Structures are given as structure tokens and as C-alpha cells.
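A short worksheet on the structure shown next.
Note: hydrogens, waters and symmetry copies are ignored here, and every other heavy atom, side chains too, is used. Order of the sequence lines fixes the chain letters, A, B, ..., with proteins taken first and strands second; residue numbering starts at 1 for each chain. In this text the structure is predicted, and so the values were computed from the model without any measurement.
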Amino acid sequence: GAGVSQSPRYKVAKRGQDVALRCDPISGHVSLFWYQQALGQGPEFLTYFQNEAQLDKSGLPSDRFFAERPEGSVSTLKIQRTQQEDSAVYLCASSLSRGPIRTTNEKLFFGSGTQLSVL
Amino acid sequence: AQRVTQPEKLLSVFKGAPVELKCNYSYSGSPELFWYVQYSRQRLQLLLRHISRESIKGFTADLNKGETSFHLKKPFAQEEDSAMYYCALRRNYGQNFVFGPGTRLSVLP
């Protein structure tokens, strides 16, 4: 594909509803990140995958948030029992780098995001 | 903990004027610093990174470890530079990128 693809583009959920957000990274990209961006704020790290392994989930705000990448490509971020404070844009990004070696090619490619509104 | 601050939420300059977007960070190790930009209705994208010491679209940024700063500069702003700019830090040998809150640059005609 041309870039990182996220779906749906917009999601409206009733409080208490479960949602699933999908991310299709650039083919061959090893690293995948999820970020949460509240209105007027910068992206906040949620979790990071290297292939299918979830190496860092320190940014997930509660156990209602769960992410997976079972085959090392597509990833899903699931939010259970959504709350109003979960309303935000959820960004997915991928990178060719597998880390930890730094290279000048290190760069994140972002998707357009999923805007989640919890009513 | 790592932290990135951008003191200005909004910066307005006239076309042709110099512009400086401020970024300060706190991190005890040796970080990598980046500037990401988001133009209207476009995705967040990399503008430049300190490790490459490059100039992109006339923008430069120098890492000052003594002042823990990575300010973004351009001598002559253009209207097409209007966008949201985010400073970001990556920990040494880590994968977690930490973003600042962003500065909206508005270049007036």
C-alpha cells in the first residue's frame, strides 16, 4: 500500500461499548506504534510492537486497553467499556527499524488516525 | 522520566520574517531529537532529525545538550510553512518516541 492505513476513520461509541481500531502498517515494517492524541495535545505513546511481539505497553492507560499484532503485520487496538475520557484521535505509526540500533533511516510513518468519540 | 516541552501553543509571523520554534527536553541519557510536522488535512510526517544534521525546506535545528534544547529555525518564513510542529525525543536505544504538545505556526501574508 501507499502508506499506513487506519480504519475506521471516525468512530462514535456509546459509553460502555467496546471498540476495535485497525492499523495496516507499511509492508515490511518491523516496528508498529500506537499513540493517543487528545484535543490540543501531542501524541502520547500507548504501545509498541516489534513484529508480533509487544515489547512495550507501558503507555496503555488501563486494563481496558488491549493491543495485538498476531502475525506481525496488521494490528488492532481494542478498548473495552469505553469511557468519555477515551475520546481522542488514535494514531498508528510504523517504522522499518527493528531497533535498538540507531540508523539515519529511522523514521516513523503515521496513519491518518481514527477519531474516537465516546458519548 | 523523559519530557518534551514546547512553550508556545501558537506562533504567528509575517512572510519573510525569521521564525524559531522552541523545544526543550528532559532526559538523563543521550537522546535523539526530531521535528515532526502536520500540514492541514495531512498526516503527521518527519521534518528533520538531529542525527542527520540536515536542512529540510529551509528549516534547521541544532541540538544543544547544555541547554537541553532543539529549537527549529528558518530565516525566511513562507506561507506554506503554516502547520502544527511537534518536537519529539527518542530514548537512547529505545523505541518509545515522546512528543511535545506542539506549536501551531501561522505565517501571515
Are A:Leu21 and A:Tyr48 connected in a single hydrophobic cluster, I mean Ile/Leu/Val/Met/Phe/Trp/Tyr linked by side-chain heavy atoms less than 4.5 Å apart?
no
Pairwise distance OG(A:Ser95) to CZ(B:Arg90) - rounded to 0.5 angstrom
7.5 Å
Please check if A:Tyr90 and A:Leu32 belong to a single hydrophobic cluster, counting links between Ile, Leu, Val, Met, Phe, Trp and Tyr side chain heavy atoms closer than 4.5 Å.
yes
Stepwise, does the side-chain contact (heavy atoms from CB on, under 4.5 Å) test hold for B:Phe97 with A:Leu108?
CA-CA 9 Å; B:Phe97 287 76; A:Leu108 294 179; 3.7 Å; yes
Hey, could you give me the CD/CZ distance between A:Gln41 and B:Phe99, rounded to the nearest 0.5 Å?
14.0 Å
Applying a criterion of heavy atom separation less than 4.5 Å, what residues of residues 66-78 of chain B form contacts with chain A?
none
More than 12 heavy atoms of other residues, nucleotides or ligands under 6.0 Å from CD of A:Glu71: yes or no?
no
Going from CG on B:Leu44 to CZ on A:Phe109, what distance comes out if it is rounded to the nearest 0.5 angstrom?
12.5 Å
Taking every non-hydrogen atom, the tightest pair across B:Lys9 and A:Gly40:
NZ-O, 3.8 Å
Could you tell me whether A:Glu44 atom CD has more than 12 heavy atoms of other residues or ligands within 6.0 Å of it?
no
Residues 55-64 of chain A vs chain B, non-hydrogen distance cutoff under 4.5 Å, contacting residues -> A:Asp56
Hey, is OH on B:Tyr39 packed in by over 12 heavy atoms from elsewhere, all under 6.0 Å?
yes
What one should report as the nearest heavy-atom pair of A:Ser112 and B:Arg43 is OG-NE, 3.2 Å
Taking C-beta and beyond as the side chain, do B:Gln42 and A:Phe110 meet within less than 4.5 Å on heavy atoms?
no
Check whether B:Leu48 and B:Leu11 end up in the same hydrophobic cluster, where Ile, Leu, Val, Met, Phe, Trp and Tyr are linked by side-chain heavy atoms less than 4.5 Å apart.
yes
For the hydrophobic clusters of this structure (ILVMFWY residues joined by side-chain heavy atoms under 4.5 Å, transitively), does one cluster hold both A:Tyr35 and B:Leu46?
yes
Give a yes or no on whether B:Val98 and A:Leu46 share a hydrophobic cluster (residues Ile, Leu, Val, Met, Phe, Trp, Tyr; joining criterion: side-chain heavy atoms under 4.5 Å apart).
no
With a cut-off of 6.0 Å (strictly less than), are more than 12 heavy atoms of other residues, nucleotides or ligands near CG of A:Leu39?
no
Could you check B:Tyr86 against A:Gln37 for side-chain contact (heavy atoms from CB on, under 4.5 Å), going step by step and ending with a plain yes or no?
CA-CA 12 Å; B:Tyr86 296 94; A:Gln37 186 171 22; 2.8 Å; yes
